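Have a look at the structure below, then the notes.
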Amino acid sequence: MKFFLTTAIDFVNSKPHLGTAYEKITADVIARYRRLAGFETHFLMGNDEHSQNVFKKAAEQGKDPLAYCDEMEGVFRDVWKRLDLSFDDFIRTTDRKRHFPAVQKMAQACLDNGDIYEGAYEGWYCEGCESFKPEKDLVEGLCPIHKTKPQWIKEKNWFFRLSKYQQPLLKHYADHPSFIEPEIRRNEILRLVEGGLEDISMSRAGQSWGIPVPFDPTSVVYVWFDALINYAAAVGYGWDDEQFAKWWPANLHVVGKDITRFHCVIWPAMLMSAGLPLPHQVFGHGWVYFKGERMSKTMGNIVDPLDAANKFGPDPLRLYLTKEIPYGGDGDFTWERFEEKYNADLANNLGNLVNRVASMSERYQQGRVRSQATSGALAAIADRAVHDYRAGMQVHALHEGAAAAFGLISAANNFIAEKEPWKLAKSPDNAAELNGVLWDLSEAVRIAATLLLPIMPASSSEILRRLGDDRPIRDRRLESDASWRTSGEKQILNAGALWPRIEAEKGAVHVSEESQKPAEPVTQAPPPAATAPAAPAAPATITIDDFAKVHLKVAKVLEAEKMPKSQKLLKLKVDAGEAEPRTILAGIAESYEPEQMVGKSIVIVANLAPRKMMGIESNGMVLAASPDDGKAIVLNAEPAAPGTRVR
Ligand SMILES: [Zn+2]
């Protein structure tokens, strides 16, 4: 059985944010679940590069658009790696070997089928959306998403005869009720298509950035038509028939609810026109709201998903997004809630269970537990949990899958309270019963960790390793690994806390120090060398109190640009773990290109009085080693999180 799933491909004009990460993480959970369930799985992600916004952004930075896209690919891949995403393939729409031939083949196939014709287009065009907006969709003349006034554009376009597919689409939805999920999205799409479809523009005239229309080299394929084809292009359409036959149609497209329309209406119509089978399902997930605001790259309200993943590893964030937001609906992310769930689910529930089972096994039986016929109460709960988990995961109710695994974990903790193994341990007469209790617990932990592999791959693997099973994730199977065992033996490793509790301190997220692995020293005594020209006099000794007046902390560079008319200054926007990013001017332009600085974790003087330079207020100072005759070397605070105190 094969399972081919995809996510939306991302515009690369800004870095991934929590909203983007949410989609990729949940799709990754589905992909990992399918592998665990024994499917031959192909998980595709990618970048959407033929966007005018990408082209503009590259131009703003004085870069060749393709070079800019190459760079951004690295940025995206780095984020995805930190989130432990297990995609099998990553496609870019500038891929000339795979994507260009696919787009040209499909455009030609639609033309040959009589579904593409030439016309002129006039209408409101929103640059943020990169799409034409029907008058009725505007709110007081503005794009409802971007709150900006669209442009009135008139140009020669090639049109795709979408109107022709109204009835075939409605028939397809009726014949395949699970084609669109969840139900709320299906109803929206049904209403939309029943209301009638208009033909849509599939080309843009007079642009250079894009894939040439095969029958009209003066036009490029419109970015949406281009982008959708990536799903077929990646698996061979137009360049490898054998591979394409193996993987197409896709089993699942995971997309945001804002672009469900493109995937449930335009894309299937294009496929019908080109004579290709339709994907089995499109799942339109909801949005994650951070402090009540929708995150959007165009609105600049960005939360770096790495803030949580850098600090706690990817798994607590993956768990939160999977378990706390019913998949398909909208949800909230707040640091308060994240911290609360981290402490409840990980520190107190799962982490505590793993610790207790390991330490009791070590203390009472030198870590060795043997199978034994037992009451079976926990075994029955585990069977039920596996059943509920599968039922949820099969229909992408990821939150139900996660809840089923945590139900088993809670039951195992209750089982400890009920059986009181420490009392059994007091008398050798109870040795067999004690071993039975520990065996049951170890089985419950093993099964819960197996169920959580798709959601928290690294930590679940670690738990299984501590239970004496260090096989790679891809060798594990739900069928054999999530069934209760009544024979065998385990050597259990007691290896310390997995998730130390987070203690809240003045609203900041902060891990209690006694239990956290030792932090890397951020810097050795930071040199007083400033990047601003003021050269310090030979320092006399100062007291620790004097030093304590200087508030040093870690900041992450979000944006960097050259200051016009300045050889030395870079203008940095940094995240110092505060409510708002800061602007700091740093005299490092002779040593660093702006793009080298973006993403760096640096050390700043946070309590320096604001200073105005060249009309811009600088809030703080960047610490750098400043050799007398050399170039400044900015102190590297990797991997400390923004806001970490340096002392
Ligand atoms: Zn818009």
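Only heavy atoms go into these numbers, but all of them, side chains included; no hydrogens, no water, no symmetry mates. First listed ligand is number 1; within each ligand, the first listed atom is number 1. Bear in mind that the values here come from a model prediction, so they are computed numbers and not experimental data.
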How close do K156 and S219 get, counting heavy atoms only, and between which atoms?
CE-OG, 4.2 Å
If the condition is salt bridge (Lys or Arg N to Asp or Glu O under 4.0 Å), which residues does R77 pass it with, not counting sequence neighbours?
E73
Within residues 266-276 or reaching into it, pairs that qualify as salt bridge (Lys or Arg N to Asp or Glu O under 4.0 Å) - sequence neighbours excluded
none
Please identify each residue that fulfils side-chain contact (heavy atoms from CB on, under 4.5 Å) with L192, with sequence neighbours left out.
R261, V265
Students often mix this up, so state it plainly: with edges at 30° and 60°, are the rings of Y165 and F160 parallel, tilted or perpendicular?
parallel
Please determine whether the number of non-hydrogen atoms from other residues, nucleotides or ligands lying under 6.0 Å from atom NZ of K257 exceeds 12.
yes
What protein N/O/S atoms sit under 2.8 Å from the Zn ion (ligand 1), by chain and number?
C126 SG, C129 SG, C143 SG, H146 ND1
